[in-house]
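Naming: A, B, ... by sequence-line order, numbering from 1 per chain.
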Amino acid sequence: MTEQELLRRESLQKLRELGIDPYPAPLFDVTATAADITHHYEEIVLEDGSKNRLNYQDIAIAGRIMAAREAGKAMFLNLQDASGRIQLYARRDDFLNAETGEAPIFDHLIKKLLDLGDYVGVRGYAFKTKTGEISVHVREFIMLSKSLRPLPVVKKDAEGNVFDAFSDPELRYRMRYVDLTVNTQYRDIFIKRSRMIKTIRAYLDDLGLLEVETPILQPIHGGAAARPFKTHHNTLDMPLFLRIANELYLKRLIVAGFDGVYEIGKMFRNEGMDRTHNPEFSMLEFYVAYKDYFWLMDVTEQMLERVARALHADGLATAQIGDHTIQFAGPYRRLTIYDAIKEYSGFDAENADEAALFAYCKQEHIEVDKTMGMAKLLDEIFSAKAEKHLIQPTFLMDHPVEMSPLTKKHRSKPGLVERFELYINGKEVANAYSELNDPIDQRERFEEQLRLAERGEEEAMAMDEDFLRALEYGMPPTAGIGFGIDRLAMMFTNQSSIQEVLFFPQMRPEV
RNA sequence: GAUCUCGUAGCUCAGUCGGUAGAGCACUUGACUUUUAAUCAAGGAGUCAUGGGUUCGAGUCCCAUCGAGAUCACCA
């Protein structure tokens, strides 16, 4: 243990010797918060110059001690609660025992045995100090929980310059409780994330969709192209996978007769980690019967506009991402893959055959190999040439059928499917399509995936006979979409790393 | 997975050419009854990520390992 930790344990022992429980059981009835008081405190100055304090004259407030300044037989403390910080003022005279002339609570508890980071409860009244700071004059001081480790002390001057910020990302992510205690600005990211999800939920509820939960432990991992986490059920003695997607289960519910369902939940993909990928991440998926992908575009525009307004301080439908101001009010640009490539590279991919696509990639130094088919080549060209330009929300539509095994064939364009991806700030945030509901076509697509798997494609989808059986009973025409919740949160909070929008990003174990 | 950068006190960092481990905040003791990055005086605090090597001598140079970040690749 460090010197400071030992001292805190000594303080703990001394508190007990004084008969003060450092971890008391009874509730502490909080009646005011730091923000309440600082925003609503009122006083008037009377004709004789004295002040008449109008409110917060008998309050109870609780929180963590974040700073202490001794001033002789008085003391100033900064108390931090969930709403913010407020100054406490304690005066020795207020704790004097008239008979003994001693003030043990002040001399021992407040002045000596109190450490930064301790949780305390205070009863007293609000007032303004000489320098005009709204503060709480302490009448009663109660230890609520002793802190045994020193917090990083982050200081700010009057201009807002920060000193000694707790800034090491490794320590911040590993000890998020410390991070959010001392770097309270990061709380806003998570508050916004929560409000974003709440707004989405409200929007989908208003649309009349039913919120559902589907299995996370799945015997067959389907619905996406990704490597899964594998686990084992002891009683059943069978392997199970953590879901990489919930799509096939949500469609079963459409078969079952629900007109519209949505689920917000965690997905798990056993792949690389970087600043936009965490092994577990949150997805929103929703499926609505009798709709198509054009309808989903309209709904997406409305939903994101509503989210943007809910998160913007002035209710505007915009968000600042780096240097870009993103406009979330629709309509968004709608661009086919061919048009996107043509626009940003000048290359006419629509009228090129596979050999021509391959030759173009070589010419432009786009990394390709002989195993890639037309669809993959198109995707490579798009990624290299067009993706980064799609800053304002853009629906990239009409993908090749090979890359979309669960998507309905395009109503008029052979070889393509009715699919779109939403790009914002050069990154994909949603993937949507008119769902394939032809069970025979679906079986053929699965069989094609099996052939890919035999060729060594690790991420090919597995055949799901129960899903096919469900489709054979009949699924209405349906539109479905999935959103990466974490990536949306990154955009709406202007963060470039997924770790900043996850409370506990995955880390390698500490030594 | 590849490359680069980083790891020194609780926190943020300095550490020159290889020659006894430094600062600010935090902490301890003392002073101060309206301070606020409080101030003033004194003091304590380190397995320099881990392991090896070179050297008379390594925080510093070399190798390996662990952890983190960035870029790229892979992946949606």
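- Classification of A/R53 and A/E42 as a salt-bridged pair fails, no side-chain N sitting under 4.0 Å from a carboxylate O.
- A salt bridge is absent between A/D164 and A/K155: the closest approach of a Lys/Arg side-chain nitrogen to an acidic carboxylate oxygen does not fall below 4.0 angstrom.
- Checked against the 6.0 Å centroid criterion, the rings of A/F492 and A/F328 qualify as a close aromatic pair.
- Salt-bridge formation is detected for the pair A/K111/A/E70: a Lys NZ or Arg NE/NH1/NH2 atom is positioned less than 4.0 Å from an Asp or Glu carboxylate oxygen.
- Taking only side-chain nitrogens and oxygens, A/K128 never comes nearer than 4.0 Å to OP1 or OP2 of B/U34.
- Between A/Y89 and A/F76, a ring centre-to-centre spacing shorter than 6.0 Å is recorded.
- On a pure distance criterion of 3.5 Å, a polar donor-acceptor pair joins the side chain of A/Q87 and the base of B/U35.
- For the segment residues 103-125 of chain A, the set of residues with a heavy atom within less than 4.0 Å of an atom of RNA chain B comprises A/K112, A/L116, in numerical order.
- When the side-chain nitrogen and oxygen atoms of A/K155 are compared with OP1 and OP2 of B/U12, none of them lie within a distance under 4.0 Å.
- Using a 4.0 Å heavy-atom distance criterion, A/D168 is classed as a sugar-phosphate-only contact.
- Salt bridge A/E421/A/R419: present, at least one basic N to carboxylate O contact under 4.0 Å.
- An OP1 or OP2 oxygen of B/A38 is reached within less than 4.0 angstrom by a side-chain nitrogen or oxygen of A/R69.
- Between the side chain of A/S167 and the base of B/U12 there is no donor-acceptor pair of N/O atoms closer than 3.5 Å.
- Between B/C75, B/A68, B/G10, one nucleotide has an atom nearer to the side chain of A/P150 than all others, and that is B/G10.
- If you take CZ of A/R172 and P of B/G69, they are 11 Å apart, rounded to a whole angstrom.
- A straight line from CG of A/L148 to P of B/C27 spans 15 Å, rounded to a whole angstrom.
- Within residues 392-406 of chain A, no residue approaches RNA chain B, by heavy-atom distance under 4.0 Å.
- The residue A/R174 sits close only to the backbone: its heavy atoms come under 4.0 Å of sugar-phosphate atoms, none of a base.
- Contacts of A/K130 with the nucleic acid, taken as non-hydrogen atoms under 4.0 Å apart, include base atoms.
- In this structure, A/F166 reaches the sugar-phosphate backbone alone: every heavy-atom distance under 4.0 Å involves primed, P, OP1 or OP2 atoms, never a base.
- Residues passing the salt bridge (Lys or Arg N to Asp or Glu O under 4.0 Å) test with A/K266, sequence neighbours excluded: A/E280.
- Remark: aromatic rings of A/Y332 and A/F395 are close, center separation under 6.0 Å.
- Taking the six-membered ring for Trp and thresholds of 30 and 60 degrees, A/H137 and A/Y125 have nearly parallel ring planes, at less than 30 degrees apart.
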